[in-house]
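Below is one structure, written out as structure tokens, with a few remarks after it.
Note that this is a predicted model, so its numbers are computed, not measured.
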Amino acid sequence: MLEIKEITRLFGGVQALDRVGFTVAKGEIHGLIGPNGAGKTTLINVLSGMIRPTFGRILLAGREIQTLPAYKVARLGVARTFQNIRLFTGMTSLQNVIAGQHLVARRLLFPRLLCLPSARQEETDEREKAMANLARVGLAGRAEIPAGNLSYGEQRRLEIARALAARPRLLLLDEPVAGMRRQGLEKVRDLVFSLAADGMTVLVIEHNMAFVMDLCTRITVLNFGRVITTGYPSEIACHPEVIEAYLGVGDDRTWGAAGKPAGPKDVNQDLSNAITKERICSK
């Protein structure tokens, strides 16, 4: 479904991505992990057409898309969520999902201006499809609630519902369970499993290592804009360069991104990663 070949992205003198390359199979749940500042969100922005790579190639089902703007990439079947939630907070949940249908809905101008029966039928069909997507993410009962009044976990799932409204074949999820408690995390996990079972391809960025190891078929690890390795979860968890990237070596301190001493949040995350690594490697 997705081939990433030698993708490089420069921001002035900063090389955010350095010859990144890996493949994602059709129907696969593929994880993208790495320390803070590794280039994960930059890569998602490149894949979705929000920014162009300095050089390199991206093939979606064999078609090159690296030069296309975001709306054309979306028309080809790529949808995404964002690291920072981006909903229309003054609109209802239902209206947010309907807005996500703009690439696949007919919405003919003159029938709507004239309030013709065909236009009313289109609106009914759009509403039904949006309700189906809300039901899929467990928010059918929150359809008429303003998005800004939903809980944090519900807003995360609403973003996924809005992405699904575009009927994607490749779904890019940027930290979909960040800050969630266990119950919300499990709902997202089960949802992603069901999407893959229906044939959708999913690429997931996530810092929750236990979630990634449980969810993903394969995982690619980035560090300082470069691919360390791609493999199965058990291989990733025991890979020495991955362990070094997260925990550091040769020093009594735990180090964070960009070679700087890690703060409390980074240390907690690194400890969580280490626990996950030990649990998987011991199996």
Side-chain angles (χ1 to χ4, degrees), residues 29-38 40-41 44 79-89 91-94 96-97 100 131 133-165 171-197 200 202-217 219 221 233 236-237 246-247 254 256-257 262-280 282-283:
I29 304 174
H30 195 106
L32 183 63
I33 66 172
N36 291 332
K40 303 181 297 298
T41 295
I44 291 292
R80 67 167 296 178
T81 64
F82 293 86
Q83 183 177 5
N84 299 315
I85 296 173
R86 298 186 185 180
L87 295 171
F88 303 110
T89 56
M91 294 165 57
T92 66
S93 300
L94 181 63
N96 269 270
V97 179
M131 285 299 301
N133 281 315
L134 284 173
R136 180 137 203 191
V137 302
L139 293 177
R142 310 287 278 169
E144 300 302 330
I145 304 296
N149 292 349
L150 298 177
S151 70
Y152 175 80
E154 289 173 336
Q155 288 183 359
R156 283 286 183 189
R157 284 185 280 138
L158 179 57
E159 266 212 320
I160 297 175
R162 186 177 62 184
L164 294 178
L171 180 62
L172 310 175
L173 300 178
D174 195 348
E175 299 193 28
V177 298
M180 280 192 188
R181 296 187 177 183
R182 182 174 179 178
Q183 184 178 8
L185 185 149
E186 290 176 347
K187 289 180 179 178
V188 174
R189 180 199 61 194
D190 293 343
L191 171 62
V192 176
F193 275 140
S194 72
L195 295 174
M200 188 177 296
V202 185
L203 180 62
V204 184
I205 293 177
E206 187 50 59
H207 283 290
N208 187 318
M209 298 301 292
F211 176 81
V212 170
M213 295 295 178
D214 182 46
L215 179 71
C216 297
T217 310
I219 300 170
V221 187
I236 295 300
Y246 274 100
L247 299 178
T254 300
K265 182 177 180 181
D266 294 320
V267 172
N268 289 338
Q269 183 62 62
D270 287 339
L271 290 174
S272 173
N273 297 340
I275 291 169
T276 302
K277 169 186 71 69
E278 295 295 340
R279 184 176 71 248
I280 294 176
S282 65
K283 290 183 179 180

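The shortest non-hydrogen separation linking Asp174 to Arg80 is OD2-NH2, 3.9 Å. Here the closest heavy-atom approach between residue Val188 and residue Arg157 is recorded as CG2-CG, 4.1 Å. The shortest heavy-atom contact between Cys216 and Pro233 is O-CG, 3.4 Å. Contact between Ile236 and Ile219 at its shortest, heavy atoms only, is CD1-O, 3.6 Å. A pairwise comparison of heavy atoms in Met131 and Ala140 identifies CE-O, 3.8 Å as the closest pair.
The side-chain heavy atoms of Leu164 and Leu171, taken from C-beta on, include a pair separated by under 4.5 Å. Put simply, the side chain of Lys187 does not reach to within 4.5 Å of the side chain of Arg156, judged on heavy atoms. Arg182 is not listed as a side-chain neighbour of Leu185, based on a closest heavy-atom distance of 4.5 Å or more. With a 4.5 Å cut-off on side-chain heavy atoms, Met180 and Phe211 do not count as touching. Looking at heavy atoms from C-beta onward, Leu215 lies out of side-chain contact with Val202 at the 4.5 angstrom threshold. In this structure, Arg136 and Leu195 have side chains that are in contact, with non-hydrogen atoms separated by less than 4.5 Å. Within the 4.5 Å cutoff, side-chain heavy atoms of Ile29 are placed close to those of Phe193. Considering only heavy atoms from C-beta on, Gln83 stays 4.5 Å or farther from Ile205 through its side chain.
Val97 pairs with exactly one of Val137, Leu139, Asn133 by the side-chain contact (heavy atoms from CB on, under 4.5 Å) rule, that one being Asn133.
Surrounding OH of Tyr152 are more than 12 heavy atoms belonging to other residues, nucleotides or ligands, all under 6.0 Å away.
The backbone N or O of Ile160 sits nowhere less than 3.5 Å from a side-chain atom of Thr81 that would complete a donor-acceptor pair. Not one N or O on the side chain of Glu159 forms a donor-acceptor pair closer than 3.5 Å with the backbone of Ile85. Formation of a donor-acceptor pair under 3.5 Å by the Lys40 side chain with backbone atoms of Gly34 is found in this model. Without hydrogens or angle criteria, Gln155 side chain to Ala147 main chain gives a donor-acceptor distance under 3.5 Å.
By the side chain to side chain contact (heavy atoms under 4.5 Å, CB included) test, Asp214 pairs with Arg189, sequence neighbours left out.
Note that CG of Leu150 and CG of Leu158 are 6.0 Å apart. Values are rounded to the nearest 0.5 Å. Between atom CD of residue Glu206 and atom CG of residue Leu173 there is a gap of 9.5 Å, rounded to the nearest 0.5 Å. Atom CG of Leu134 and atom OG of Ser93 lie 6.0 Å apart (nearest 0.5 Å).
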